Each structure stands twice: as C-alpha cells, then as structure tokens.
Amino acid sequence: MTSDLIDAALIDDALVKALLREQFPQWDGLPVRSVERGGNDHRMFRLGHDLVVRLPSAPGYVPQVDKEQTWLPRLAPLLPLPVPQVRGIGRPSAAFPAPWSIYEWVAGEPASAASVDDPSRFAADLAGFLRALRSVDTSGAPGPGLHSAFRGGPVAHWDAEMSDILHRVQGRERDAAIGIWRDALAAPFGGPPTWFHGDVATGNLLVRNGALSAVIDFGCSGVGDAACDTVILWTYFRGRAREIFRRELAVDEATWARGRGWALWKALIMLTNKPPRQAEFARRVLDVLFAGA
C-alpha cells in the first residue's frame, strides 16, 4: 500500500461511502456531499449534519493527516477559539491508499465569504488566538518541513525561487520587491521556536454572528518561526484593523520583515495563476506591499 497511488480525480462521494462501509459502519448510511471551498490540499465531504470527512488529495499532503490527528486534540483545550475535533482515524486500504480523517463539523462561514461586523475586533481576536498558539508547549512537536510546505522555516528556503519570479514585476515595483526580500533575508529568526498555524488565510477563519468563531485547517502547522502567520496583515486587514493586528500580535520588527517576505513570495507566485480571481488578489496584495504597509 503506497500513498503515491492517490488519484485526486477518484476522490468522490462514492469513495467516501465505500470507506465508511469498510471502516466506520456506524456512520454508513448518513448522507455524504462534497464541501464547496473544501481546499486544495485535502478533499472534504459533509457526513450527515455533524461530521466531515477529510482526505489528502496528493502524496505530498499525506504527512499532514497524522500530524493533525496527533496534535489537534492536544492544542484544542489550550486555544481560545474552536479548532477541528478528530472523531475518526481512517487507515489506508485497497479503497484509498493513505490515512484520512473524520472531524466534527465546525459551523461558520469562511471570512472570505462572510460579513464581519467589526474588523477591529476580528483583528484583535485573531491576534489573541495566534498569541495563544505561540504559547503552547512545543515538546515533541514537528519542526518545519514538507508537511508544512516549509512554513515556519527560514524564508531563505525560497531564495532561488524568488530569483526566478522577481521578473513578474518591473521597474520601481521590481526594485521594491528586491528590497522587501533583502530585508526579509537580513532579519533571521532568533528563536525560540513556537507553534505556527502556517496558513492564516480568510478561507481558514470562520465567522458566526459577524465575529471570528473558529480556526480550521492545521495542515501546514508546526513549530518554528511564526512569521508566516503575519501575512494576513497584507492580504486582508485594512486601516484601523491592520493597526490593531500589528499591535496585538506582539512580535518584533524582524518578524514583520520576514512576514513581509512571505507575503511577497506568495503574491508573486499567485500573480500568474489561472484560477478565477487569484491573479487579481495577488495584484492587490502587491499594491499593499509596495505602498509600504
């Protein structure tokens, strides 16, 4: 049995039903339906009203499964907002050659699609969550690596790729990009390593009643440099909310410099993406970065 045989095109309702019959007969017969905006790294399917099935969509995402199954139950009681709760641990089988999970369904709308009543409160609540995450004991926790898409590691890991994609902006913008990246490289992480989420994006922040209600998708989490968790300052927050997030996150200027480098790298990658609205999103982030925010 090898996870190299995962074929994302075959991950569908029928596969999930087969896996449930095979390994979780107590839930066989519950309705299964694909989750819109379920993410790229994993495919998600609602199972009845209260559960969700999550399967890795490619071999590179398989290490995230065991990590989340192991660490989310330990992190959950130490954090001020709900995170996914493991309800079932699926094993590799002839039907699907990799581990997979069943979680409790976390209610809420992604911030990317929801209306937030008070952006300043949202910023403060998110900063508080990330501070609490950074304070959790790191003993035995995974450092940066393939499982985290190297989030939490040094931004220098992407230096060669950055050299290849800087041409996607020209003139003064290219000069500004070079300066942002140079500053990020010149602000090395001095430790100590802390927990990071790794993908603090609006699709992973849930909203109920106009407020931040939960944080999901810890697939890129780990222990290392949490500068990658600052990127939402440039990708989402504006005005007063940006000021509050910067203040309440309570990190030093070197961390912000590395975070700005992370934001630049991601925006330049997305600038030529074909999926709808990704290039436009990347362009807006670059405008914010180049404006000196």
Side-chain angles (χ1 to χ4, degrees), residues 37 39 80-81 108-134 151 155 168-169 171-181 183-184 187 196-217 220 225-273 275-293:
R37 298 191 299 267
L81 290 168
E109 285 293 318
S112 54
S115 175
V116 173
D117 289 348
D118 184 346
S120 293
R121 177 189 169 194
F122 187 98
D125 289 347
L126 178 59
F129 177 90
L130 294 173
R131 287 199 316 272
L133 179 63
R134 296 202 315 264
R151 279 89 182 268
V155 292
R168 295 179 180 178
V169 289
R172 291 182 179 178
E173 288 192 340
R174 188 171 187 274
D175 292 341
I178 290 172
I180 290 170
W181 191 246
D183 290 347
F196 58 87
H197 178 276
D199 194 10
V200 183
T202 54
N204 295 328
L205 306 175
L206 300 187
V207 174
R208 294 187 76 186
N209 301 318
L212 180 64
S213 60
V215 179
I216 61 173
D217 193 348
C220 287
D225 176 14
C228 54
D229 285 350
T230 67
V231 168
I232 198 167
L233 180 81
W234 298 277
T235 61
Y236 179 65
F237 291 123
R238 300 290 181 267
R240 178 67 175 157
R242 178 181 288 152
E243 295 173 6
I244 289 173
F245 184 72
R246 177 183 279 274
R247 183 187 72 216
E248 296 296 320
L249 194 60
V251 296
D252 62 19
E253 287 303 315
T255 301
W256 288 115
R258 295 191 303 277
R260 194 176 291 110
W262 278 106
L264 174 69
W265 166 75
K266 185 65 172 180
L268 287 175
I269 288 175
M270 294 179 66
L271 193 59
T272 58
N273 282 5
R277 296 182 295 278
Q278 287 197 11
E280 291 83 354
F281 172 79
R283 182 65 257 178
R284 289 196 299 272
V285 173
L286 290 173
D287 289 344
V288 172
L289 287 165
F290 296 152

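Everything numeric here is computed off the predicted structure, so don't read it as measured data.
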TODO: Give the C-alpha distance, both sets of side-chain angles, the deciding distance and a yes or no for side-chain contact (heavy atoms from CB on, under 4.5 Å) between Leu271 and Val169.
DONE: CA-CA 9 Å; Leu271 193 59; Val169 289; 4.3 Å; yes
For [X], salt bridge (charged side-chain N to carboxylate O under 4.0 Å, His left out) partners two or more places apart:
X: Arg283; result: Glu173, Asp287
X: Glu109; result: Arg37
X: Arg121; result: Asp125
X: Arg258; result: Asp225

Open item on the list: Restricting to ring-ring contact (aromatic ring centres under 6.0 Å, His included), what partner residues turn up for Phe237, sequence neighbours left out?
Closed with: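 Per chain and number, Phe237 pairs via ring-ring contact (aromatic ring centres under 6.0 Å, His included) with Phe245.
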Open item on the list: Which residues pass the ring-ring contact (aromatic ring centres under 6.0 Å, His included) test with Trp181, not counting sequence neighbours?
Closed with: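 If we apply the ring-ring contact (aromatic ring centres under 6.0 Å, His included) test to Trp181, skipping adjacent residues, there are no hits.
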TODO: Keeping to residues at least two apart or across chains, list the side chain to side chain donor-acceptor pair (under 3.5 Å) pairs with something in residues 227-236.
DONE: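 The answer is none; no pair qualifies.
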Who are the side chain to side chain donor-acceptor pair (under 3.5 Å) partners of [X], not counting sequence neighbours?
X: Trp265; answer: Glu161
X: Arg168; answer: Thr272
X: Glu243; answer: Arg240

Task: Counterpart residues, side-chain contact (heavy atoms from CB on, under 4.5 Å), relative to Ala250 (two or more places apart) - done: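 For Ala250 the side-chain contact (heavy atoms from CB on, under 4.5 Å) partners, ignoring immediate neighbours, are Arg131, Arg134.
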Open item on the list: List the residues meeting side-chain contact (heavy atoms from CB on, under 4.5 Å) with Asn209, not counting sequence neighbours, and say none if there are none.
Closed with: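 For Asn209 there are no side-chain contact (heavy atoms from CB on, under 4.5 Å) partners, ignoring immediate neighbours.
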- [ ] Determine whether Val215 and Leu206 make a side-chain contact, defined as any pair of heavy atoms from C-beta on separated by less than 4.5 Å.
- [x]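 A side-chain contact is absent here, since even the closest heavy-atom pair is not under 4.5 Å.
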